[in-house]
Enquirer: 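Pasting a structure below so you can have a look.
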Protein chains: 2
Amino acid sequence: MDEKLTIQDIARLAGVSKSSVSRVLNNYPAISQELRERVMRVVREYNFVPNVTARGLAGGKTRLVGVLTPPLTWPAIPEILRGVAEYIERTSYEMVLYSINFENPTHTDVVDRILSLRMVSGLLAILPCDLTPHLLRHFERGLPMVMINDQEPPEHFPCPWVGVDNRTGGYQATRHLLDLGYRRIAHVMGPKRYYCAQERYEGYCQALHEAGLAPDPELLLQGEFDPASGRRCARELFARERTRWPEAIFVANDQMAYGFLEVAEEQGIQIPQDVALVGFDDNLVSSHVRPPLTTVRQPFSQMGAKAIELLLMMVDPDHVLPRTRASQDGKHSQAGAGMTPAGGPLATAAAGSDHQLGARAGAVLEASAPYRLDGAIHIQLDTSLVVRASSVPA
Amino acid sequence: MDEKLTIQDIARLAGVSKSSVSRVLNNYPAISQELRERVMRVVREYNFVPNVTARGLAGGKTRLVGVLTPPLTWPAIPEILRGVAEYIERTSYEMVLYSINFENPTHTDVVDRILSLRMVSGLLAILPCDLTPHLLRHFERGLPMVMINDQEPPEHFPCPWVGVDNRTGGYQATRHLLDLGYRRIAHVMGPKRYYCAQERYEGYCQALHEAGLAPDPELLLQGEFDPASGRRCARELFARERTRWPEAIFVANDQMAYGFLEVAEEQGIQIPQDVALVGFDDNLVSSHVRPPLTTVRQPFSQMGAKAIELLLMMVDPDHVLPRTRASQDGKHSQAGAGMTPAGGPLATAAAGSDHQLGARAGAVLEASAPYRLDGAIHIQLDTSLVVRASSVPA
DNA sequence: GTCTTGACGGAAACCGGTTTCAATGTTATA
DNA sequence: TATAACATTGAAACCGGTTTCCGTCAAGAC
């Protein structure tokens, strides 16, 4: 029944031309109410949905965005994707998932192959690691792109970016321990080559400084962001004579903190009675480890949602401020195209955006394709502290 | 440079017709070596990749398969998807991810909307829960589909299915405990409405039976497959007087086992010294809980790979046994289409398949579109026992 | 009342491929 | 040697939409 209807069929059934049906479906402004209703009646009656593929070919825009991720088994990825998926579900776009094994030496080729298909109208790159320079080339050639990354990029990094404020996060963690009365607070840094490790450390120093304390080099350790290095640091610390132990430890990510918990259990060290512990990230597991980990929460799913919102604005600016350009040069808006509810979910979502973002978005409309910003949008979301048993004696 | 080339451009540059270029790219058999080389030289020189969208429109097959999943934050999902992604990466197909919130009452509408776009040529439905009957309707209308599910379907369930042998899994868990010398072994079942819960229980009974033991009704509890119900069962069990405790417990999934670990820790019960524990699933976390959980491993990523392999065979049978049909009626094969390495990854993958699967696949070639099997393929993969500290006293 | 203007909607071109159909040159058959 | 059969390739139709171009008609201007 509602199987293989084409726009031609609908046109015939409604007694109008193909072009008219197309215009109705795409919310072309200069259409008489009567025509619109005549067409929509048939469309609804037969439950017609235009063929995406044909639409993509003719209109030059596939309603697909690519999402490039590390393996889904990495801690934060599923949560980020949840945010992306929940947002995308409310739009007329779909998500093509490219889960890349970044350890594969040919991954730049993989990316090129993907993009050369010209199937996706935009790309969301999640934690692209060392792929960044390569992706940047594509961006500069005109591919709409947004990055989610825990490395805050340099100021003039051209590509839109979403992440968190690591400095403040480090501050929150340390401040929490100070407020509990701890004074000898150790820090386990991430690898120095990562900017975020540096920033979290700076937040730690700042909090100490405000409390009138100076960072003690003896209480600074260096890890690799994985559980193994966490175990190593823990052993090193707990091997010292008891008087040289810290009272509390701020570990730069949850993975390393898990290592601490394991070693503590092995050695019969009570957390938080003997040593308090705070992590960073709030991975899903962190509330299930023993004891539940106090940690600085990164709003992963919100990061995903924000990033995809940004990307869709780049891919299809008309969604954001419908009509603006239409009234200028006669080009019609595509907002609410097809079967999505009138008004368009994107419009409402954009209304709830950061003020800064909204302002910048205006600039987008002025720019001509391919999309390009003179000053890039970098969105920094807030971290928040989640207090659990590992830092608070019962 | 290699930006907006069309097949027309390539044809002109090579001094041949569009059709010839298309045929070369699609491995049409009746092509002279000379023409092929002439075209391929240009294709390689300009690094040409045909536009997927146009291909989809003209050929009637989008090279997209949909993957329908519960929220990615569910335990097994990322691993299943990893298997899917790794397989798909080696083909010329892409994966469109639909992450559905099954708690949303309108999810059947969501599915309909997705499928009515006719964007994906096939659908992999992962743990579709109560969506199964609805999906089945789409399958019976001709949509190529494979389900991954922990409920082994009834024998004449028409849709291809991939899962594990829950009965044997339950047997393995129980047998392991028996081999360690335990005799009073409790079982915490999943909800009776799930067939897999029933099957795991049967495996448990069978192992007991072989050991000359009868299942003790006092040692059978009923959970809901979530940590909360695990905690409830644990409290109930440990509230009994010590002599009525079991020596070991086989819990029907890891989630509930986590609940047991939590309660045990609260109450100072040593695992496995006081009570041994075995779970089911081997979620990623299960090796990181304290103590690490002995459990029956479901090969999730392998399930994903197997299922997507099956789906691609249904979507494009030519991939599997190239040429067979071509020689019959002149229709040419599409194997190795486009830029994928000659021979086609699918062909080699299929060669390594179950014998049974290969045999059935032959039947696929005979069938005319829409794809349909008279007897459905149900693939049951093997579970394996992963021994960790929770069942083995150190 | 005629001319201008703009709203409206149909015809046709177009997007970039695949597939059918027919024409050509070759080779095998009689 | 004439001819049927086949291999090879180009021309054109087609997939199902979007967008351009243009003609028509009604309202407003002079």
Side-chain angles (χ1 to χ4, degrees), chain A residues 3-12 14-36 38-39 43 48-63 116-119 318 326-327 329-334 337-339, chain B residues 3-12 14-39 43 48-63 92 116-119 121 316 318 326-327 329-334 337-339:
Chain A
E3 279 307 317
K4 299 158 198 169
L5 283 178
T6 76
I7 201 175
Q8 186 67 269
D9 300 321
I10 301 299
R12 190 165 26 72
V16 300
S17 72
K18 269 170 69 171
S19 350
S20 295
V21 176
S22 171
R23 284 194 271 251
V24 168
L25 291 177
N26 289 292
N27 267 8
Y28 184 88
I31 290 230
S32 69
Q33 197 53 31
E34 194 251 331
L35 181 72
R36 186 182 307 280
R38 184 127 130 241
V39 172
V43 164
F48 170 73
V49 179
N51 177 310
V52 223
T53 309
R55 242 180 166 171
L57 219 208
K61 350 192 136 202
T62 64
R63 295 181 171 281
S116 64
L117 291 175
R118 269 156 288 155
M119 183 166 60
D318 289 328
S327 56
D329 58 18
K331 186 182 183 312
H332 67 274
S333 159
Q334 299 195 324
M339 307 286 90
Chain B
E3 279 307 315
K4 299 158 198 168
L5 283 178
T6 74
I7 201 176
Q8 187 66 271
D9 300 321
I10 301 300
R12 192 166 24 74
V16 300
S17 72
K18 269 171 68 173
S19 350
S20 295
V21 177
S22 171
R23 285 193 271 251
V24 168
L25 291 177
N26 289 292
N27 266 9
Y28 184 88
I31 289 229
S32 70
Q33 197 53 32
E34 194 251 331
L35 180 73
R36 185 183 308 280
E37 275 169 18
R38 186 132 128 238
V39 171
V43 163
F48 171 73
V49 179
N51 177 310
V52 224
T53 309
R55 242 179 166 172
L57 218 207
K61 349 191 138 203
T62 66
R63 293 181 173 281
S92 59
S116 66
L117 290 174
R118 268 157 289 156
M119 183 166 62
S121 337
D316 191 350
D318 288 329
S327 56
D329 57 18
K331 184 180 185 311
H332 67 274
S333 159
Q334 299 195 326
M339 308 287 88

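Note on naming: letters A, B, ... go to the chains in the order of the sequence lines (proteins, then strands), and numbering restarts at 1 for each one. Note that the structure is predicted; figures quoted are calculated from it, not measured.
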Enquirer: When you match B/S32 and A/T53 each to their closest nucleotide on DNA chain D, which lands nearer the 5' end?
Expert: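 By nearest-heavy-atom nucleotide position, the 5'-most residue is B/S32.
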
Enquirer: Provide, to the nearest angstrom, the distance between the CG atom belonging to B/L35 and the C1' atom belonging to C/dT24.
Expert: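 To the nearest whole Å, that distance equals 15 Å.
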
Enquirer: Between B/N26 and C/dT18, is there a contact of a side-chain N or O with OP1 or OP2 at under 4.0 Å?
Expert: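 For B/N26, the contact criterion (side-chain N or O under 4.0 Å from OP1 or OP2 of C/dT18) is met.
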
Enquirer: Using side-chain contact (heavy atoms from CB on, under 4.5 Å) as the criterion, list what pairs up with B/T53, not counting sequence neighbours.
Expert: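 For B/T53, the residues satisfying side-chain contact (heavy atoms from CB on, under 4.5 Å) (neighbours in sequence not counted) are A/T53, A/L57, A/T62, B/N51.
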
Enquirer: Are A/R36 and A/N27 packed together at the side-chain level, in the sense that at least one heavy-atom pair is separated by less than 4.5 angstrom?
Expert: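 They are in contact (side-chain heavy atoms under 4.5 Å apart), so the answer is yes.
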
Enquirer: Could you check whether B/V52 gets within reach of a base, just the sugar-phosphate, or nothing at all, counting any heavy atom under 4.0 Å?
Expert: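 No contact at all - B/V52 keeps every heavy atom at 4.0 Å or more from the nucleic acid.
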
Enquirer: Whole-Å distance between C/dC15 P and B/Q8 CD?
Expert: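 Rounding to the nearest Å, CD of B/Q8 and P of C/dC15 are 10 Å apart.
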
Enquirer: If you pin B/S19 and B/A54 to their nearest nucleotides in DNA chain C, which one's is more 5'?
Expert: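 Looking at DNA chain C, the more 5' nearest nucleotide goes with B/A54.
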
Enquirer: To the nearest 0.5 Å, what is the distance between CZ on B/R63 and CZ on B/R55?
Expert: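 If we round to the nearest 0.5 Å, B/R63:CZ and B/R55:CZ are 5.0 Å apart.
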
Enquirer: Quickly work out the A/L25 CG to D/dT19 P distance and round it to whole Å.
Expert: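 Whole-Å distance recorded here is 12 Å.
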
Enquirer: Give, for atom CZ of A/R12 and atom CD1 of A/I7, the distance between the pair rounded to the nearest 0.5 Å.
Expert: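 Answer rounded to 0.5 Å: 13.0 Å.
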
Enquirer: So, does B/S20 get its side chain near the phosphate of D/dG10, meaning an N or O under 4.0 Å from OP1 or OP2?
Expert: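 True: B/S20 side-chain N/O within range (under 4.0 Å) of D/dG10 OP1/OP2.
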
Enquirer: OP1 or OP2 of D/dG16 less than 4.0 angstrom from a side-chain nitrogen or oxygen of A/T6, does that happen here?
Expert: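 Looking at the OP1 and OP2 atoms of D/dG16, neither is under 4.0 Å from any side-chain N or O of A/T6.
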
Enquirer: Give me the bend of the helix from C/dG1-D/dC30 to C/dA30-D/dT1, using the axes of the five pairs at each end, rounded to 10°.
Expert: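 Rounded value for the end-axis angle: 50°.
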
Enquirer: So, taking the atom named OG in A/S19 and the one named CZ in A/R23, what distance separates them when rounded to the nearest 0.5 Å?
Expert: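 If we round to the nearest 0.5 Å, A/S19:OG and A/R23:CZ are 5.0 Å apart.
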
Enquirer: Rounded to whole angstrom units, what separation is found between the CZ atom of B/R118 and the C1' atom of D/dC15?
Expert: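 Rounded to the whole Å, the gap is 12 Å.
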
Enquirer: Write down the atom of B/A11, the atom of B/S17, and the distance for their closest heavy-atom approach.
Expert: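 Scanning both residues completely, I find the closest heavy atoms to be CB-C, 3.7 Å.
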
Enquirer: Select base, sugar-phosphate, or nothing to describe what A/S22 touches, counting heavy atoms under 4.0 Å on all strands.
Expert: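 Since a base atom lies under 4.0 Å of A/S22, the category is base.
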
Enquirer: With a 4.5 Å heavy-atom cut-off, do A/V24 and A/V21 have their side chains touching?
Expert: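 A side-chain contact is absent here, since even the closest heavy-atom pair is not under 4.5 Å.
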
Enquirer: What are the two closest heavy atoms between B/V16 and B/R38, and how far apart are they?
Expert: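 Of all heavy-atom pairs spanning B/V16 and B/R38, the closest is CG1-NH2, 3.9 Å.
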
Enquirer: Do A/K18 side-chain and D/dG17 base share a donor-acceptor contact under 3.5 Å?
Expert: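 Donor-acceptor pair under 3.5 Å: yes.
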
Enquirer: Roughly, in whole Å, what's the span from OH in A/Y28 to C1' in C/dG10?
Expert: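 Between C1' of C/dG10 and OH of A/Y28: 13 Å.
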
Enquirer: Working to the nearest 0.5 Å, report the span between CG of B/L25 and CZ of B/F48.
Expert: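 Nearest 0.5 Å value for the CG-CZ distance: 6.0 Å.
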
Enquirer: Check if the side chain of B/R23 and the base of C/dT20 share a donor-acceptor pair of N or O atoms closer than 3.5 Å.
Expert: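 Side chain to base: pair present.
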
Enquirer: Would you mind telling me which of C/dG17, C/dG9, C/dC8 lies closest to the side-chain atoms of A/A30?
Expert: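 For the A/A30 side chain, the nearest candidate turns out to be C/dC8.
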
Enquirer: Nearest whole Å is fine: how far is C/dG16 C1' from A/N51 CG?
Expert: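 Those two atoms, CG and C1', are 15 Å apart.
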
Enquirer: At what distance, to the nearest 0.5 angstrom, does OG of A/S116 lie from CG of B/L5?
Expert: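 Between atom OG of A/S116 and atom CG of B/L5 there are 11.5 Å.
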
Enquirer: Quick one: what's the B/S/- string for nucleotides 22-27 of chain D, heavy-atom cutoff under 4.0 Å, read 5' to 3'?
Expert: ------

Enquirer: Examine C/dT18: is either OP1 or OP2 under 4.0 Å from a nitrogen or oxygen in the side chain of B/R55? Give yes or no.
Expert: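 Indeed, a polar side-chain atom of B/R55 lies that close.
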
Enquirer: Whole-Å distance between D/dG16 P and A/D9 CG?
Expert: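 One finds 9 Å between P of D/dG16 and CG of A/D9, rounded.
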
Enquirer: Mind calculating the distance between CD1 (B/I7) and P (D/dA12) to the nearest angstrom?
Expert: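 Value for this atom pair: 17 Å.
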
